[in-house]
Protein chains: 2
Amino acid sequence: MSKYAIGLDYGTNSVRALVADISTGREAGSHVWPYKHGDHGVILDPRQPDLARQHPRDYLQGLEQSVRGALAQAKKTRGFSAADVIGIGVDTTGSTPLPVDAQGEPLAFSKKFRKNPAALAWLWKDHTGHAEAAEITAQAKQHKPEYLAKCGGTYSAEWFWSKILHCKKEAPAVFAAAGTWVEIADWIPAVLTGTTHPRQLRRGICAAGHKAMFHPAWGGYPAADFLRRLDPALARVRQSLPDTACSIADAVGRLTPAWARRLGLPAGLPVAAGAFDAHLGSVGAGIEPGVLVKTIGTSTCDLAVAPLSQSLPDIPGLCGIVPESVLPGYYGLEAGQSAVGDIFNWFVNRIQPGGPSRGSHATLTRAAEKLRPGASGLLALDWHNGNRTILVDQRLTGLLLGLTLQTTPAEIYRALIEATAFGARVIVERLEQYGVQIERVVNCGGISVKNPLVMQIYADVLNRPLEISRSTQTCALGAAMAGAVAAGGHATFAQAARAMTGVLAKRFRTNARSAVVYARLYALYQRLHDTLGTRTGSGNQFTLMKDLLNIRDEALHGRR
Amino acid sequence: MSKYAIGLDYGTNSVRALVADISTGREAGSHVWPYKHGDHGVILDPRQPDLARQHPRDYLQGLEQSVRGALAQAKKTRGFSAADVIGIGVDTTGSTPLPVDAQGEPLAFSKKFRKNPAALAWLWKDHTGHAEAAEITAQAKQHKPEYLAKCGGTYSAEWFWSKILHCKKEAPAVFAAAGTWVEIADWIPAVLTGTTHPRQLRRGICAAGHKAMFHPAWGGYPAADFLRRLDPALARVRQSLPDTACSIADAVGRLTPAWARRLGLPAGLPVAAGAFDAHLGSVGAGIEPGVLVKTIGTSTCDLAVAPLSQSLPDIPGLCGIVPESVLPGYYGLEAGQSAVGDIFNWFVNRIQPGGPSRGSHATLTRAAEKLRPGASGLLALDWHNGNRTILVDQRLTGLLLGLTLQTTPAEIYRALIEATAFGARVIVERLEQYGVQIERVVNCGGISVKNPLVMQIYADVLNRPLEISRSTQTCALGAAMAGAVAAGGHATFAQAARAMTGVLAKRFRTNARSAVVYARLYALYQRLHDTLGTRTGSGNQFTLMKDLLNIRDEALHGRR
């Protein structure tokens, strides 16, 4: 009789539950529940383009609805019973910290803060803390350079401490009321196991290590002294955090009877520590040393692993090198692009509102497929949401160059795809420069299966063949694998991967002629990239995009 | 009893005839005839984005139809009779040279070249001769720097000799069959007066001086020796050209009986020498020393005049400083932007095909009006059709910087308007730096009357009040004024201007707060402008746009 594990995948716009057969990886059932608040789950503020929040109510309602839906579907499988489920794993977006009160209850649920956006979950792509990120970076450069060495040399506005420090400044009442801050990757497993009280809450190494400067080498989270220098009040937040963090091999607890009833599952099931979607996605795609897993969706996350025994240098610009953040026994190496599918969606939905017949992804893709590499004369920078790797700089913006009076929407669409491919190549080259071997590239995420044009351009720009994960739900599958391992259904993740993961027979091979043209365009991309994105580039154009954003922010909010 | 003059205005897409009362400037009748060939009169080739041609048949058919239409309308005026018309003036686009045979007949009318695009008129915005422009510039720099000094230091792909030299290389049969090449500004008056034979053809100083390196100082057109160095065959073209050129005060002849019948006018009417649309437009807007006249349409032409007695330095980047090219007795100073309305049209018609309700100029303008200066965070370069002044470089392209996932079409639309305003400011600053005083700015052309948002942004960016010409047809009015002066209806252009021109009471005043923001944005525009458009800018990014265009051209045509 088959055994099953449930993977919960909290994305930007919805949550998915997946019931996976632990001996084959086959999906017995799955269900997606779109969030109800804001714009497809993202609460925005037109006066603050940097703001992006989520309501924790969506997380809980989605938990119940998605699991019940997935189980209902699985029950159509002959012989399946909820009693065959042995464990649960969870992945989420991040860094998405949520302020909770002294009892562990989200402040957003309290009457007092019901209408305060600072009490919501601060979604990964919220960039309101960019000034604080710069402060943290400066402080760490001076006093704790080792904190930065593991996260690429720059602390990001997207991350844990930037958001908390920004809350302290912009919404002090929310900050004062928070008993602690918890990544939703840690909060969901805590909810399921009844361990949300700040003293009980267990933190995963994935979120802590990649986003909160946690490292075993200095005893966990940053020292209270360091945080105090940023703001004396931060020391209190540090006090609310534990000194250890767990990997996805660990169970944080067992499913409470209350949640077991709500979900229709046996009480007492082991629940694995949570991790970020891309990290568990790479697990679901079969990550191992030598394999780069690219999760290509609204944004992109690139992951590789290297044995803990390998002596690995710090790699400038990488979002993180964190022991056991992906797999136990390995360093997790994380890179990423702040926007990929989001850029294509922006163009289609905002700039090209020509309706389904004229400006859809399908129409534009068909027209863009007919274009030859280089023939548009366009070159774009894929920085519409800043640059996560290797520049680690949210104060960068997108650019389109080479426009003429003949430029067409399809040409722009293709140029935007190419820009993200060039951005992807920057990451691969950086990893290789620092000794991380990449023998295979396995892709997953919506775009990798839905848009062959994107994948072909990536194969041509990266100049290497690309494989596609067999599962279209690698994140949820990886979460289910964590549930299976936490429950002892597999002894190791390597064993789970052999049983539950694989790639499609179809792979994308490089077109040699395209690769030649793209190599030339990539050289121009690098020039623009370095000129506008680095201080080392020739010229003094590094401040250009920042000056423009400063003017924008003053126009919107008045001079600060 | 009133007297009238006819102004013929040959634009990019249509020809207009205007019947103007010479004592008031009042329009008694006017008629527009849209060209029939190509895309709104412009013959394009999708494989050669630089190509733009026109069929001379459109010019002749439009001549008859527009004059007849204008006269028919004028006849509704009490007491008007065609016998009250005393003269005709002509303005056209340019440099738009046309190859004609040894008898002066356009090669496009011959059976042999009927299908050869090289036999058509080479429209001003045709850029196929960019390589030849570079050759001519290099040759002149070495051997005849004085030739360049009067046209901004760089010979343009849009101009006479670049086009002819390109024809020699790309279409040698057409080149060999050409008895001479004639600007359509000269050809139309020649047609009307029966003087199209190459030996009779009179050339206007406006086209010759601004586009063909004609200057009295070196005896007219460039020396045969100079041309021979570019290509021995060019000496033959030089031989077909006269050594003198006339101003708009001169009549080139009298209306032939045949054309008098076709048009319904008295035979023998004086026909003034032709000039470019913007030049006669500035006359129709009342140009005089201290006044900058901006004609803002698909592209922009800026004109100023300075007394011949003033010792004027060469002004780098100006399209031309030509004695009597605008008014007799004055230097004509010409600058311009290669695309203005064309950029707005490109965005609305090509990129935003959302239909009239969503993406029209009106909708975008309404939305863009609500935006505050600087609030979009966008900055654009208005080089979609190259840069005429002050860079004189067709191998430049448009750029959009500051894009985010929140960027809207209205923000882009406004940023494109602002970019053209910054481009306009570059020109004003260059003129003033070199001692040309600008006390008033008078605007004419479609955009100046149709789009108050554009004018307000220009007033804020230029930081000075803007006036609008009373006439909406300044080009045709200026042409009619030339007809009136050539016929002796006014003794001087100053007298004609007092009688026939004026500005609207409504002027656009600078908003001081906007001006402050725009001054900061302009500084950023200048940085981008210098970085990507000049060798003197910091960094080595001058070749970036050119490298990209080279890759494009190879992708489209194969490596040359």
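Please read these numbers as outputs of a predicted model, since none were measured by experiment. Order of the sequence lines sets the chain letters (A, B, ...), proteins ahead of strands, with each chain counted from 1.
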Revision key, fill the gap. Applying a strict 4.5 Å limit to non-hydrogen atoms, the region of B:Leu549 in contact with chain A is neither

Check your understanding: What part of B:Leu378 is in contact with chain A, defined as an atom under 4.5 angstrom from a non-hydrogen atom: side chain, backbone, both or neither?
Key -> backbone

Practice item. Compare every heavy atom of A:Leu399 with every heavy atom of B:Leu399, then report the nearest pair and how far apart it is. Key: CD1-CD1, 4.3 Å

Practice item. Please check if any side-chain donor atom of B:Thr404 sits under 3.5 Å from a side-chain acceptor atom of A:Arg552, or the reverse. Key: no

Review point. Any sub-3.5 Å donor-acceptor pair from A:Trp346's side-chain atoms to B:Gln406's backbone N or O?
Key: no

Check your understanding: Hey, which of B:Ala410, B:Ala523, B:Pro46, B:Ala375 has the most heavy atom pairs under 4.5 Å with chain A?
Key -> B:Ala375

**Study point:** Minimum heavy-atom distance A:Asp342-B:Leu405, with the two atoms named
**Key:** O-CD2, 3.4 Å

Practice item. Check the pair A:Leu401 / B:Leu400 against side chain to side chain contact (heavy atoms under 4.5 Å, CB included), numbers first and verdict last. Key: CA-CA 6 Å; A:Leu401 185 148; B:Leu400 252 176; over 6 Å; no

Revision key, fill the gap. Under 4.5 Å to a heavy atom of chain B? For A:Pro373 that would be backbone

**Study point:** Exercise: identify the closest heavy-atom pair between A:Arg350 and B:Thr407
**Key:** CD-O, 3.6 Å

Practice item. State which residues pass salt bridge (Lys or Arg N to Asp or Glu O under 4.0 Å) with B:Asp126; sequence neighbours excluded, sorted by chain then number. Key: B:Arg53

Point to revise | Value rounded to 0.5 Å, distance of CG in B:Leu381 from CG in A:Leu403 | key: 10.0 Å

Check your understanding: Which region of B:Ala339, side chain (C-beta onward) or backbone (N, CA, C, O), has a non-hydrogen atom less than 4.5 Å from a non-hydrogen atom of chain A, or is it both or neither?
Key -> side chain

**Study point:** Nearest non-hydrogen partners of A:Leu544 and B:Arg527, listed with the distance
**Key:** N-NH2, 3.4 Å

Check your understanding: Is any NZ, NE, NH1 or NH2 atom of the basic residue among B:Asp547 and A:Arg520 found under 4.0 Å from an Asp or Glu carboxylate oxygen of the other?
Key -> no

Exercise for review: Give the intermediate values and the outcome of side chain to side chain contact (heavy atoms under 4.5 Å, CB included) for residues A:Leu524 and B:Ile551.
Suggested key: CA-CA 11 Å; A:Leu524 300 184; B:Ile551 292 173; 3.9 Å; yes

Practice item. Look at A:Val517, A:Leu521, A:Leu44 and state which one has the largest set of heavy-atom pairs under 4.5 Å with chain B. Key: A:Leu521

Check your understanding: Looking only at heavy atoms, which two atoms of A:Ala555 and B:Gly374 are closest? And how far apart?
Key -> CB-C, 3.9 Å

Review point. For the residue pair A:Leu556 and B:Arg372, what are the closest heavy atoms and their distance?
Key: O-NH2, 4.0 Å

